[in-house]
Amino acid sequence: MRSSQLFGKTLRQAPGDAETISHQLLTRAGFIQQIAAGIFSLQPLGNRSITKIRNIIRDEMDRAGGQEINMPVVQPRSLWEESGRAETFVPPLASFEDRRERDMVIAPTHEETATAMARAGVTSYRDLPFTIYQIQTKFRDETRPRGGLLRVREFEMKDAYSFDADEEGMDRSFQAMVAAYKRIFKRCGLEVVMVEADSGGIGGKDSNEFVLLTDSGEDTILMSNESDYAANVEKASFIKKEFPIGELGEVEEFDTPGIKTIDELAKAEGVSKSKTAKAVFYSVDGEIVVVTIRGDYEVNETKLRNVLGGSEPRLATPEEVKAAGLVSGSASAVGLTGMKSVVDDSITMGSNYLAGANKEGFHLRNVNIDRDFKADILADIAEAKKGYLSPDGKGKLVAKRGIEVGHVFKLGNVYSSKMGADFTDEDGEQNEILMGCYGIGVGRMLAAAVESNHDDFGMVLPQAIAPYDVYLAGLGLDDADIAGKAEQLYNDLMDAGYDVLFDDRDAPPGVKFKDADLLGIPARVVISSRSRQNGGAEVKARTSKDSEIVEESNVVEAVKKLLG
RNA sequence: CGGGGUGUGGCGCAGCGGUAGCGCACUCGCUUUGGGAGCGAGGGGUCGCAGGUUCGAUCCCUGCCACCCCGACCA
């Protein structure tokens, strides 16, 4: 491609509303153009990068035995009523009425459609297993798109769905996808780690996220410093401190004027926060739930949601707390009736806690679970933090930031049971198909790649996803001699199989160098009268400061050495 | 959805009760050619939209819309 013919101009300054570095650079470099909040067009350069990513994904999906299909973006709402997600997926699900007044949705993901496909196409265990995938547009009406391509409303996703007859098969299909994902990210030149994750609105038991670690990421990842344990903070567990359980003391009330917080209470009594039982009140489906956790830990609301069966907990407002007859600052589960009690298992790892007396200005000593208050649900609902012990017993947790670029789920029968996707097994019995689903955000991958690969001058793209391999800058092309040599190099490099962007514009050298850097093309070749005086052309990697002079006939060889 | 901010040529910004300006970009000419060139001459904007106040509104008032950021939520 010749720069003189390339559509899209580079910008010296990024639009004022682009704050994220990838948003700024992708816009300045002419990769993307914003149309509305969270809605973007890809210009030629951006589209080339995306195409390269897409091709790598497709290649690896096929290699892992996936079969490419295509499912509709617009679907009847009834399909979503079958799965129950018409109600639960509400905020991101965009819908409209067609001219016959039928309710339609714009697909934010395709579990329902994929299940419908399997339901129609599978009758026997002989039809299983198989994995289908597509690379296609999704629309999610996010309440808050942000960061350029990082969180958008319309986006391209590779989504795959596996169908198996039994657990072992499902695990095998899952592992095949995990392996494919690892190859995909590696081939794209991205350092992506797999972490345990919460499955959120998709459902199912196990799920893993693929996260590109970068400080600008919006997810927090906790990793062991001694093992390969890694999990999203939403999911991460840890080994809680245990204290010997002595003889249970008598509950006694004592005066605590003005004490409202666990910190104040522990300080006033001269004990560690782990000797206190903290009560937190949540509003869940209109009911107040009391959550008790040891004072040295915090509640993880995602874990809480999961133990509550998926209902969304929200911290109760002061008014709700008051209306329930609770005394904030001196509250506990002791003596409370008529409300659900959730207790973190840390409470069982100690005894004789200080807790609220449910009376203004008073607390209790020697409060113990079971004897003094009950737990309707006893589970791990504590938030892991850096410095805590890794759950595998090896090392401590460290915190990192990352961008989720892929997510894999073991769905099991979540969709097949609701939607009646069955098959007949060897014994003639009807069974539900076991599913997995696997997503990669294609555009987000590009944005994430830029977030983690840039410098003060622009993007530094891995070759696999750069729009071009080589930036060929001809300087002083009004000299027919130079122009001829530049054309020659252009052709030689293309003949060698490289994607070449030939900067043939009538522009000063500085402009060409700046653009080469901004675009992040991995190799740069310069041909000019000066380079020729020095013995040929200059070859330079985007990542290096220095260039190398090579004879014109050796340029392809030198580029090969640089890029492979 | 709560809080905050911003809307003025393609991009970045200034301006201000009297119908708009700067830098970059763009067009033409000449000169230039190793890190976003110089000089000269040009083109391009119903100042987000709608009402209101005023002799007169880009500017003041009201409403709306859009976009960005923080939070809530979310692959």
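All chains are named by letter (A, B, ...) in the order of the sequence lines, taking the proteins before the strands, and each is independently numbered beginning at 1.
If you check distances only, the side chain of A:Thr143 does reach the base of B:rC73 with a donor-acceptor pair under 3.5 Å. On a pure distance criterion of 3.5 Å, a polar donor-acceptor pair joins the side chain of A:Arg524 and the base of B:rG35. Residue side chain A:Arg144 does not reach the base of B:rC1 through any donor-acceptor N/O pair under 3.5 Å, judged by distance alone.
Across all strands shown, B:rA20 has no partner, as no Watson-Crick or G-U wobble contact with both distances under 3.5 Å is found. B:rC30 and B:rG38 make up a base pair, with Watson-Crick or G-U wobble contacts both under 3.5 Å. Pairing for B:rC60 goes to B:rG52, judged as Watson-Crick or G-U wobble with the two contacts each under 3.5 Å. Of the nucleotides present, B:rG5 is the one that pairs with B:rC67 by Watson-Crick or G-U wobble criteria, both distances under 3.5 Å.
Across all strands, A:Phe457 comes closer than 4.0 Å to no nucleic acid atom at all (heavy-atom distances). Within 4.0 Å (heavy atoms only), A:Asn534 reaches no atom of the nucleic acid at all.
Between the NZ atom of A:Lys138 and the P atom of B:rC74 there is a distance of 20 Å, given to the nearest Å. Distance A:Tyr471 OH to B:rG36 P: 14 Å, rounded to the nearest Å.
With sequence neighbours excluded, no residue forms a salt bridge (charged side-chain N to carboxylate O under 4.0 Å, His left out) with A:Glu404.
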What pairs of nitrogen or oxygen atoms, one from the protein and one from nucleotides 5-14 of chain B, lie under 3.5 Å apart?
unit_1 : atom_1 : unit_2  : atom_2 : d
B:rC11 : O2'    : A:Gln13 : O      : 2.9
B:rG12 : OP1    : A:Gly16 : N      : 2.5
B:rG12 : O2'    : A:Gln13 : NE2    : 2.9

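OP1 or OP2 of B:rG35 has not a single side-chain nitrogen or oxygen of A:Arg530 nearer than 4.0 Å.
Of the residues in residues 20-39 of chain A, those with a non-hydrogen atom less than 4.0 angstrom from any atom of RNA chain B are A:Arg28, A:Gln34, A:Ala36, A:Ala37.
Comparing B:rG36, B:rC69, B:rA75 by their nearest atom to the side chain of A:Arg146 picks out B:rC69.
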